[in-house]
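Inspection log for the structure reproduced underneath, given as structure tokens.
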Amino acid sequence: MSRPDLAPVVPVKWRKYLALVDFGFQSADELAAEIRRYPRNKVHRLVSDIRSDIRHESRRARRSLYVVKLVPADLQGQLPNFRVERSSQLKQLVAFLTAHRGVNYVEAWYCRTRIDSEIFSVAGRIVFSAANTGRTQLVEQLWRGSPRLLETYSDDFAFPYVRASRYSWGWPYAIEHVHLPQKSALSHLQLQSEFGYSMRCIEQESEKIAAFCTFLDSFSFKAYSLEYKIVASQLRIIDWDTPNDKRVLAS
């Protein structure tokens, strides 16, 4: 459900999200509530709305992560983005928007994820790759952050992180790598327990996810990925990427 003041051109990125609606991962109303969309000439309102939301969350002793994206009409990946957690970062957000005035985008979006310590909050990416006997699954997960941060993983990564793999649905994951920052409140045992819980949440939705994978398999890609987040006990598939998303959307 798009707002009436948005540009008539529907960005490819939004069409990708609508595909998730088509496969029953969420409703159109839930998607509209999850991602706040603003036409390019209303980005000042985006900043104001985030400021108001941060104040509201603060009064409730909650903390959220806001990811702002600048969305062109026909580009679906690697979008300029900026992350906000505190009101003190809003000046930097304004500077980010100013610095990207010359970028060809039609809408600015933000989504919010609750990340305070009072709630379970993880995000990750599952890569499905072709094998002679089926699909193999590689998952990377971090705690209290955006799955896009996985692209910046390094030895000094600021978030707890797990990488694991398995053969297919129903098989246990083999943990291949664990990273715990020195100041992390998580223990190794707790991290492994919470990772196991996360994978059970995903397994419970395996039928729905597998149906979407079957659709993507029909394009014979060597690999594709799904992004997810789990807040409290609610799993959301929030994005997908293939070698040719436009081909998928044109089918």
Side-chain angles (χ1 to χ4, degrees), residues 34-36 46-47 50-51 53-58 60-70 77-97 99-100 108-127 138-165 173-199 201-202 225-239 241:
E34 177 89 3
I35 301 175
R36 300 289 299 274
L46 175 149
V47 177
I50 292 178
R51 178 181 290 109
D53 203 84
I54 290 175
R55 289 173 179 168
H56 177 72
E57 290 287 274
S58 178
R60 303 173 69 185
R62 292 182 176 182
R63 180 166 155 250
S64 292
L65 169 67
Y66 303 80
V67 179
V68 177
K69 296 180 181 180
L70 305 182
Q78 302 299 320
L79 306 181
N81 67 86
F82 189 86
R83 291 176 292 276
V84 176
E85 294 183 35
R86 300 173 298 278
S87 57
S88 60
Q89 295 174 301
L90 291 174
K91 288 184 178 179
Q92 294 171 271
L93 172 59
V94 172
F96 166 80
L97 295 170
H100 286 80
W109 301 351
Y110 83 79
C111 59
R112 183 186 74 182
T113 302
R114 190 176 165 191
I115 59 171
D116 60 86
S117 59
E118 299 303 313
I119 195 167
F120 181 78
S121 179
V122 299
R125 174 173 57 206
I126 309 173
V127 178
L138 172 70
V139 63
E140 295 179 281
Q141 179 171 292
L142 57 81
W143 275 248
R144 308 189 188 286
S146 164
R148 287 297 175 182
L149 289 167
L150 293 169
E151 298 163 5
T152 66
Y153 178 76
S154 64
D155 290 342
D156 59 353
F157 199 54
F159 303 86
Y161 165 93
V162 169
R163 182 180 69 245
S165 64
Y173 272 100
I175 294 179
E176 300 173 352
H177 183 70
V178 172
H179 169 78
L180 268 179
Q182 288 186 346
K183 295 183 179 180
S184 175
L186 280 177
S187 66
H188 275 272
L189 185 61
Q190 185 180 3
L191 180 142
Q192 291 185 7
S193 174
E194 292 189 359
F195 177 73
Y197 171 74
S198 304
M199 297 305 99
C201 288
I202 291 172
S225 64
L226 304 182
E227 289 185 0
Y228 66 88
K229 66 180 180 181
I230 306 171
V231 179
S233 59
Q234 184 176 30
L235 168 70
R236 286 282 182 87
I237 303 299
I238 60 174
D239 205 355
D241 290 293

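No hydrogens, no waters, no symmetry mates; every other heavy atom, side chains included, goes into these values.
Residues passing the salt bridge (charged side-chain N to carboxylate O under 4.0 Å, His left out) test with Arg63 are Glu85, sequence neighbours excluded. In terms of the side-chain hydrogen bond (donor to acceptor under 3.5 Å, both in side chains) criterion, Ser233 has no residue partners (sequence neighbours excluded). The salt bridge (charged side-chain N to carboxylate O under 4.0 Å, His left out) test applied to Arg83 returns no partner, not counting sequence neighbours. By the side-chain hydrogen bond (donor to acceptor under 3.5 Å, both in side chains) test, Gln192 pairs with no residue at all, sequence neighbours left out. Residues forming a side-chain hydrogen bond (donor to acceptor under 3.5 Å, both in side chains) with Ser225 (at least two apart in sequence, or on another chain): none. For the ring pair (Phe, Tyr, Trp, His ring centres under 6.0 Å) test, residues two or more places apart in sequence or in another chain that qualify with His100 are Phe96. Take Asp155 and apply the side-chain hydrogen bond (donor to acceptor under 3.5 Å, both in side chains) test, not counting sequence neighbours, and it matches no residue. Under the ring pair (Phe, Tyr, Trp, His ring centres under 6.0 Å) criterion, Tyr153 pairs with Phe157, Tyr161, His177, His179, sequence neighbours left out. Listed by chain and residue number, Val47, Arg55, Leu90 satisfy the side chain to side chain contact (heavy atoms under 4.5 Å, CB included) test with Arg51 (two or more places apart in sequence, or in another chain). Val178 meets the side chain to side chain contact (heavy atoms under 4.5 Å, CB included) test with Val162, Ile175, His188, Leu191; sequence neighbours excluded. Listed by chain and residue number, Glu34 satisfy the salt bridge (charged side-chain N to carboxylate O under 4.0 Å, His left out) test with Lys229 (two or more places apart in sequence, or in another chain). In this structure, the salt bridge (charged side-chain N to carboxylate O under 4.0 Å, His left out) partners of Glu227, at least two apart in sequence or on a different chain, are Arg148.
Tyr197 has its ring centre less than 6.0 Å from the ring centre of Phe120.
In this structure the side chain of Ser146 reaches within 4.5 angstrom of the side chain of Leu65, judged on heavy atoms.
Annotation: Glu151, atom CD; neighbour count of heavy atoms from other residues, nucleotides and ligands within 6.0 Å is above 12.
The pair Glu140-Arg163 does not count as a salt bridge, with every side-chain nitrogen at least 4.0 angstrom from each carboxylate oxygen.
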